[in-house]
Amino acid sequence: MAPGSKAERKAALDAGAWMFNVVTSVGIIMVNKALMATHGFSFATTLTGLHFATTTLMTQVMKWLGYIQPSYLPLPELVKFVFFANLSIVGMNVSLMWNSVGFYQIAKLCIIPVLCILEILFDKVRYSRDTKLSIVLVLVGVAVCTVTDVSVNSQGLLAAVIAVWSTALQQHYVHHLQRKYSLGSFNLLGHTAPAQAASLLVLGPFVDFWLTNKRVDTFNYTSIVTFFIVLSCIIAVGTNLSQFICIGRFTAVSFQVLGHMKTILVLTLGFLFFGKEGLNSHVALGMLLAVIGMIWYGNVSSKPGGKERQVYSTPSEKTQKHGMLSSQSELDQKV
């Protein structure tokens with residue numbers, strides 16, 4: 001295959017992966033909004049457990065059909081991943097309960113800088129100035145259109161810090177595990193989904209009772225509520241899979257930065273379907289800044305030097321290529 005054809009095919013697959021994630025993510029947000037806001041089903045942690053149970057069923061079917069080949073993931077790695085992932089889910093729910101919506105949104109925006117720190121420390125990634133500026137523009141734009149009232153207390157701050165770091169670690173760990181153990185998206189889901197489903201379905205009802213003071217087993221499950229729960233679980237399969245695909249193809253930082261397009265779409269759809277209250281020039285400006293930042297990020301991060309993983313030579317290689325490394329060091333300092 002010609003280099004141009006390979007590049008075009010990769011670009012098409014990348015665009016397809018992003019579109020898959022955006023459509024499923026926005027879809028599940030709209031369905032869950034109707035389920036929770038309209039019909040009063042406020043058991044978010046238990047619902048997430050049902051999402052992973054449905055995802056587990058999908059992976060088992062795919063294994064049975066031969067689309068998922070046997071793979072290996074050490075138990076300690078699986079335990080660490082599930083710990084970070086479940087702590088992220090509970091932390092975000094607790095943060096939303098204990099903080100104002102404005103501070104909750106600010107905390108979510110902090111995930112990107114934390115992921116940048118993790119990539120710099122553990123993956124030796126170097127960002128160009130334009131890449132950094134584009135990320136800042138995205139953060140400013142999303143903050144302008146989503147952050148309203150901002151109030152914080154000590155326990156809310158603690159919950160937000162835990163939520164941000166656990167979410168960042170979980171998403172960074174997805175990329176790390178896929179690269180280290182050569183795991184595809186289906187393979188990694190096949191390992192992690194059953195463990196997350198089991199743990200969340202056991203702990204979820206207790207966490208939800210603590211957060212809402214309501215019991216999930218005594219809720220009035222009407223036919224329409226059941227329909228929305230099933231629909232949410234079906235869409236969640238695509239959301240979980242597309243998250244792993246996108247982080248595997250790109251990085252957790254790119255997933256977060258470009259993922260804020262979903263925030264803009266959710267706001268837009270909310271104004272279209274749930275009324276235009278809150279839509280003003282302030283919000284429109286924030287949306288515009290965020291979209292410009294995302295386009296800028298996608299452009300500069302894909303260019304040489306925009307976002308690069310630094311590779312260090314062994315001591316013997318350093319001796320043999322001293323002149324080459326010196327030149328590279330001077331170039332790094334200029335960039």
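All heavy atoms count here, side chains included; hydrogens, waters and symmetry mates do not.
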### Message
Between Asn32 and His51, does the side chain to side chain contact (heavy atoms under 4.5 Å, CB included) criterion hold? Intermediate values first, please.
### Response
CA-CA 12 Å; Asn32 288 351; His51 289 168; 4.1 Å; yes

### Query
Roughly how far, to the nearest 0.5 Å, is CG of Asn93 from OG1 of Thr212?
10.5 Å

#### Entry: Side-chain donor/acceptor of His175 to backbone N/O of Ile247, under 3.5 Å
yes

### Task
With sequence neighbours left out, write down each residue that passes side chain to side chain contact (heavy atoms under 4.5 Å, CB included) with Ser223, or none if nothing qualifies.
none

### Query
With a cut-off of 6.0 Å (strictly less than), are more than 12 heavy atoms of other residues, nucleotides or ligands near CE of Met19?
no

### Task
Consider only side-chain heavy atoms of I, L, V, M, F, W and Y, link residues closer than 4.5 Å, and tell whether Leu75 and Phe81 are in one cluster.
yes

### Shortest non-hydrogen separation from Val138 to Ala290 and the atoms involved
CG2-O, 3.9 Å

### Task
Quick one: closest heavy-atom pair of His172 and Ala252, and the distance?
N-CB, 4.1 Å

### Task
Report the C-alpha separation of Ile28 and Thr24 in whole Å, then their side-chain angles, then the decisive distance to 0.1 Å, and conclude whether the side chain to side chain contact (heavy atoms under 4.5 Å, CB included) test is met.
CA-CA 6 Å; Ile28 200 170; Thr24 55; over 6 Å; no

### Task
Mark yes or no for whether Asn187, through its side chain, and Gln69, through its backbone, hold a donor-acceptor pair below 3.5 Å.
yes

### Message
Using a 3.5 Å distance criterion without hydrogens, assess whether the side chain of Thr239 forms a donor-acceptor pair with backbone atoms of Ile235.
### Response
yes

#### Entry: Heavy-atom check, side chain of Phe244 versus side chain of Phe255, under 4.5 Å
no

#### Entry: Non-neighbouring partners of Asp130 that pass side chain to side chain contact (heavy atoms under 4.5 Å, CB included), sequence neighbours left out
Ser128, Leu133, Trp296, Val300

### Task
Supply the atom-to-atom distance Tyr104 OH to Trp98 CH2, rounded to the nearest 0.5 angstrom.
14.5 Å

#### Entry: Validation row: Leu139, Pro113 side chains within 4.5 angstrom (heavy atoms)
yes

### For Asp208, side chain to side chain contact (heavy atoms under 4.5 Å, CB included) partners two or more places apart
Phe43, Thr45, Thr46

### Gly49 versus Leu201, closest heavy-atom pair with distance
C-CD2, 3.7 Å

## Note on the structure
For Met36, the side chain to side chain contact (heavy atoms under 4.5 Å, CB included) test, sequence neighbours excluded, returns Ala44, Leu47

### Message
Using the rule given for side chain to side chain contact (heavy atoms under 4.5 Å, CB included), can you reason through Tyr221 versus Val216, listing the C-alpha separation, both sets of side-chain angles and the distance that settles it, and then say yes or no?
### Response
CA-CA 10 Å; Tyr221 292 91; Val216 66; 3.2 Å; yes

### Task
Establish whether Val61 and Leu241 are linked, either directly or via other cluster members, by ILVMFWY side-chain heavy-atom contacts under 4.5 Å.
yes

### Query
In terms of hydrophobic clustering (I, L, V, M, F, W, Y; side-chain heavy atoms under 4.5 Å; direct or indirect links), are Val174 and Phe83 co-clustered?
yes

### Nearest-0.5 Å distance that lies between atom CD1 in Ile112 and atom OG in Ser254
10.0 Å

### Summary
Apart from Val230 itself, its cluster of hydrophobic side chains linked below 4.5 Å comprises Ile234

### Query
Which pairs pass side-chain hydrogen bond (donor to acceptor under 3.5 Å, both in side chains) with one or both residues in residues 52-62, sequence neighbours excluded?
Thr55-Asn240

### Query
By the rule that ILVMFWY residues connect when side-chain heavy atoms come within less than 4.5 angstrom, directly or transitively, which residues belong alongside Ile89?
Phe52, Leu200

### Closest approach of Phe20 to Ser242 (non-hydrogen atoms, all atoms of both residues)
CD2-CB, 3.6 Å

#### Entry: Heavy-atom check, side chain of Ser42 versus side chain of Lys214, under 4.5 Å
yes

### Query
Just by modelled atom types, is the Ala163 backbone N or O under 3.5 Å from a matching donor or acceptor in the Ser166 side chain?
yes

### Cluster overlap Leu158 with Leu169, hydrophobic side-chain contacts below 4.5 Å
yes

#### Entry: Where Leu289 and Gly141 come nearest, the two heavy atoms and their spacing
CB-CA, 3.8 Å

### Neighbour count above 12 (heavy atom, 6.0 Å) for Phe206 CZ
no

### Query
What's the spacing between Asn299 CG and Met294 CE if we round to 0.5 Å?
15.0 Å

### Query
Do you reckon Phe227 sits in the same ILVMFWY cluster as Ile29, going by side-chain contacts under 4.5 Å, direct or chained?
yes

### Query
At what distance, to the nearest 0.5 angstrom, does CD of Gln243 lie from OG of Ser25?
8.0 Å

### Query
Is there side-chain contact between Met58 and Phe186, with heavy atoms separated by less than 4.5 Å?
yes

Just list the side-chain donor-acceptor pairs under 3.5 Å for residues 115-122, sequence neighbours left out, or say none.
unit_1 : atom_1 : unit_2 : atom_2 : d
Glu119 : OE1    : Tyr127 : OH     : 2.5
Glu119 : OE1    : Lys307 : NZ     : 3.4
Glu119 : OE2    : Thr251 : OG1    : 3.4

### Summary
Those residues at least two apart in sequence (or on a different chain) that pass salt bridge (Lys or Arg N to Asp or Glu O under 4.0 Å) with Lys63 are none

### Task
Hey, could you give me the CD1/OG1 distance between Ile224 and Thr38, rounded to the nearest 0.5 Å?
10.0 Å

### Task
Quick one: which residue pairs count as a salt bridge (Lys or Arg N to Asp or Glu O under 4.0 Å) with a foot in residues 229-254, not counting sequence neighbours?
Asp14-Arg249

### Task
Could you tell me whether the side chain of Gln178 and the main chain of Gly248 form a donor-acceptor pair under 3.5 Å?
yes

### Query
Got Arg179 and Asp123 here, is their nearest side-chain heavy-atom distance under 4.5 Å?
yes

#### Entry: Where Ala53 and Ala197 come nearest, the two heavy atoms and their spacing
N-CB, 3.5 Å

### Query
Are any non-hydrogen side-chain atoms of Cys246 and Trp18 less than 4.5 angstrom apart?
yes

### Between Phe41 and Phe219, ring centroids under 6.0 Å
yes

### Stepwise side chain to side chain contact (heavy atoms under 4.5 Å, CB included) test for Ile245 and Asn21
CA-CA 9 Å; Ile245 290 174; Asn21 180 255; over 6 Å; no

### Message
I need the full list of salt bridge (Lys or Arg N to Asp or Glu O under 4.0 Å) pairs touching residues 222-241, with sequence neighbours left out, sorted by first then second residue.
### Response
none

### By salt bridge (Lys or Arg N to Asp or Glu O under 4.0 Å) - contacts of Lys80 (at least two apart)
Glu77

### Task
Kindly say whether Thr222 contributes a backbone atom to a donor-acceptor pair with the side chain of Thr226 at under 3.5 angstrom?
yes

